[in-house]
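Structure, as structure tokens:
Just so you know, residue 1 is the first one in the sequence shown, and it goes up from there.
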Amino acid sequence: EWSCSSSEVNTETDKYYYWNSLGEAKAYYDKMKSDFENIGERRITEHKMIKEDVYLTCFGEDMKVYVNYSDESVNISGITVYAKSYTVVG
């Protein structure tokens, strides 16, 4: 039988335990829900690579999502997309 109490958690690896990540996971979920709830039933109208590791996906006529997989922030036509992040426009 497996069990793990908080007294058994190794401080070097405890960040990988489910209960220690719940707050962070909820924060990510809430941010993404807020950012993407306006997409709704919109169809993807365009998807393209802007530059290496940076992509643009358009939803309908007026919503764009820039995704930056690189380790450095980029500026695309005045829009900053931080490293390893995304920016929703529209």
Side-chain angles (χ1 to χ4, degrees):
E1 179 179 326
W2 183 87
S3 69
C4 183
S5 70
S6 59
S7 64
E8 297 172 342
V9 175
N10 178 328
T11 56
E12 291 182 31
T13 60
D14 67 350
K15 65 183 176 183
Y16 301 110
Y17 285 94
Y18 174 78
W19 57 86
N20 293 329
S21 301
L22 279 178
E24 185 177 4
K26 181 170 180 350
Y28 283 128
Y29 172 83
D30 290 344
K31 178 177 179 359
M32 292 187 80
K33 180 180 178 191
S34 172
D35 288 344
F36 292 103
E37 67 187 348
N38 292 328
I39 289 175
E41 298 294 321
R42 295 179 199 211
R43 292 177 179 249
I44 294 175
T45 54
E46 184 176 9
H47 178 76
K48 64 182 180 179
M49 183 172 66
I50 301 293
K51 58 185 286 186
E52 186 175 348
D53 293 330
V54 181
Y55 292 83
L56 166 65
T57 303
C58 298
F59 297 87
E61 299 290 322
D62 58 351
M63 180 169 256
K64 298 177 181 181
V65 179
Y66 295 91
V67 180
N68 181 0
Y69 295 99
S70 74
D71 292 325
E72 297 181 16
S73 296
V74 296
N75 188 297
I76 303 161
S77 301
I79 298 166
T80 300
V81 186
Y82 296 104
K84 306 285 185 193
S85 188
Y86 65 88
T87 298
V88 178
V89 178

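Linking ILVMFWY side-chain heavy atoms closer than 4.5 Å, directly or via other members, places I39 and V89 in two distinct hydrophobic clusters. Cluster membership check: V65 does not share its hydrophobic cluster with L56, using side-chain heavy-atom separations under 4.5 Å among Ile, Leu, Val, Met, Phe, Trp and Tyr.
Legend: residues meeting side-chain hydrogen bond (donor to acceptor under 3.5 Å, both in side chains) with K51, ordered by chain and number and at least two apart, are absent. By the side-chain hydrogen bond (donor to acceptor under 3.5 Å, both in side chains) test, K31 is found to be paired with D35, residues two or more places apart in sequence or in another chain being considered. Residues meeting the side-chain hydrogen bond (donor to acceptor under 3.5 Å, both in side chains) test with D30, sequence neighbours left out: K26. Taking D53 as the reference, nothing meets the side-chain hydrogen bond (donor to acceptor under 3.5 Å, both in side chains) condition, with sequence neighbours excluded. The salt bridge (charged side-chain N to carboxylate O under 4.0 Å, His left out) search around E46 returns K48, not counting sequence neighbours. Residues that satisfy the side-chain contact (heavy atoms from CB on, under 4.5 Å) test with E41, not counting sequence neighbours, are absent from this structure.
A distance of 10.0 Å separates SG in C58 from CD1 in I44, rounded to the nearest 0.5 Å.
A heavy-atom distance below 4.5 Å is found between the side chains of V54 and I76. Contact check for N38 versus M63: side-chain heavy atoms found under the 4.5 Å cut-off.
Remark: side-chain polar atoms of T87 are not paired, donor with acceptor, to backbone N or O of Y66 under 3.5 angstrom.
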Show which side-chain atoms of residues 78-85 pair as donor or acceptor with protein atoms under 3.5 Å away, not counting sequence neighbours.
{"from": "K84", "atom 1": "NZ", "to": "Y69", "atom 2": "O", "distance (Å)": "2.9"}
{"from": "K84", "atom 1": "NZ", "to": "D71", "atom 2": "OD1", "distance (Å)": "3.3"}

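Each salt bridge (charged side-chain N to carboxylate O under 4.0 Å, His left out) pair with one or both residues in residues 58-67, not counting sequence neighbours, appears once here: R42-D62. Legend: ring pair (Phe, Tyr, Trp, His ring centres under 6.0 Å) pairs involving residues 29-49, not counting sequence neighbours, sorted by first then second residue: F36-Y86, H47-Y55.
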